[in-house]
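Both ligands and their constituent atoms are indexed starting at 1 by order of listing. Quantities reported herein were computed from a predicted structural model and do not represent experimental measurements.
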Amino acid sequence: MVPIRRRFYRCILAVASLVAWAIGTHCLAEDAAPMNLIEKDRFGTTADGTAVDRYTLRNAQGMTVRLISYGAAITELSVPDRHGRCDDVVLGFDQLAQYESPRNPYFGATVGRVAFRIVEGKFTLDGKQYQLPVNAPPHHLHGGPKGLSRLVWKAEPLAGPLPAVKFTIASPDGDQGYPGNLQASVTYTLTGRSELIIEYTATADRPTPVNFTQHSYFNLAGAGSGGVLQHVLQLEASRYTPLDEKKIPSGKIEPVAATPYDFRQPTAIGARIRPESKVTDGYDLSFVVDAVQDSTPARVATLSEPSSGRVMEVLSTQPAIVLYTANYLDGTLQGKRGAVYGKHAGVCLETAHLPNSVNRPEFPSIILRPGQTYHHTCVYRFSTR
Ligand code: FUC
């Protein structure tokens, strides 16, 4: 009798520790059912009555990515920490109406047609002047008030061994003041190597500027857990673009050496944000990456968070990266699960071409011409240490 009972208890213990191991290392807390790599549900309906779908991608490493067709945006990115516990590492909202609000600071969004500021919304292309809507006075910002981050994209899960969703959109000639009919796509793929691959393409029937970026705000300790000033950042960038008094790149490209913008060695984001330094408020600055532009993504940034051990490498095919430390967040937006996002609650690492390139002949061109295809790949690769 006694040995049988002992065996029974041993068995219970073994099952319990297996369950604890599974929960602890595989982030199964939410979905213990057999794993579907990709699922679709309804996220909401826009104010004008358009259905917005949500896609959930999972991999065997315990990562979960949620994407919505509104703005082809990332709403959730859950990643294991060094103990295998998952946290959602991107800022966002629970409700579609909050994403639609003009106060949405582009959480997780695909930004286009042209990311960042265009001075006073003006540019000249092939001798013709264009005036784009001014939505961040006196400038045009992130594709305009109804830019592609504020539209519902078509979504289609891709067949293949890896969970992937392709979002497409047709932006008509004159949309937000831009010339030409533009066909654009962004495909998100989750790999078995803890990578989220983001691939953009675009074609147009007239010459037009194109510069997409991904606007996720990362907090590797978990969204809503506090600020990112203790995160450690390394940028593969020896040069940056100084800003003029209107916060626009002046056109100069200067070395980061001996400035508070030198992240060539791993450095805490907050280490040089001080009243006496030039970085009083945080960073909102573009860097020229050292890697030669190529169709194979090269590492441009490494972000790590000491307490969780999470590490995120950013790889890109683009010539620049913008570092933005959520300087404009002020605790007045209601984040996911009731979180309050204060100043520096997240960090954006936006791979792209340089801001205002359309007015800077000295910067690499962002003009897409008929017959050409715009390509941009960005990879977020996660690990722990
Ligand atoms: C980033 C910044 C901008 C702006 C926006 C919400 O891309 O470069 O300054 O505040 O996000």
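- Of the protein's heavy atoms, R117 NH2, 3.9 Å lies nearest to atom 4 (C) of ligand 1.
- Set against the non-hydrogen atoms of Y324, the atoms of ligand 1 under 4.0 Å away are 1 (C), 2 (C), 10 (O), 11 (O).
- Ring pair F107/H215: centre-to-centre distance not below 6.0 Å.
- Nearest protein heavy-atom contact of atom 2 (C) of ligand 1 is D284 OD1, 3.3 Å.
- Side-chain contact, T377 with T317: no donor N or O sits under 3.5 Å from an acceptor N or O.
- Figure legend: R54 and Y70 shown without cation-pi pairing, the cationic atom not lying both under 6.0 angstrom from the six-membered ring centre and within 45 degrees of its axis.
- If you look at H215 next to ligand 1, the close heavy atoms, those under 4.0 Å, all belong to the side chain.
- Every N/O-N/O distance between Y217 and ligand 1 stays at or above 3.5 Å.
- Ring geometry, Y374 versus F212: the interplanar angle falls from 30° to 60°, so the pair is classed tilted.
- Of the protein's heavy atoms, H142 NE2, 3.4 Å lies nearest to atom 5 (C) of ligand 1.
- Between D330 and K343 no salt bridge is recorded (no basic side-chain N to carboxylate O distance below 4.0 Å).
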Q.
Run D284 and K247 through salt bridge (charged side-chain N to carboxylate O under 4.0 Å, His left out) and show every step you take.
A. CA-CA 9 Å; D284 189 353; K247 295 190 172 176; 6.0 Å; no

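- Distances below 4.0 Å separate heavy atoms of E350 from the following atoms of ligand 1: 1 (C), 7 (O).
- Near Y328, meaning under 4.0 Å from any of its heavy atoms, are these atoms of ligand 1: 9 (O), 10 (O).
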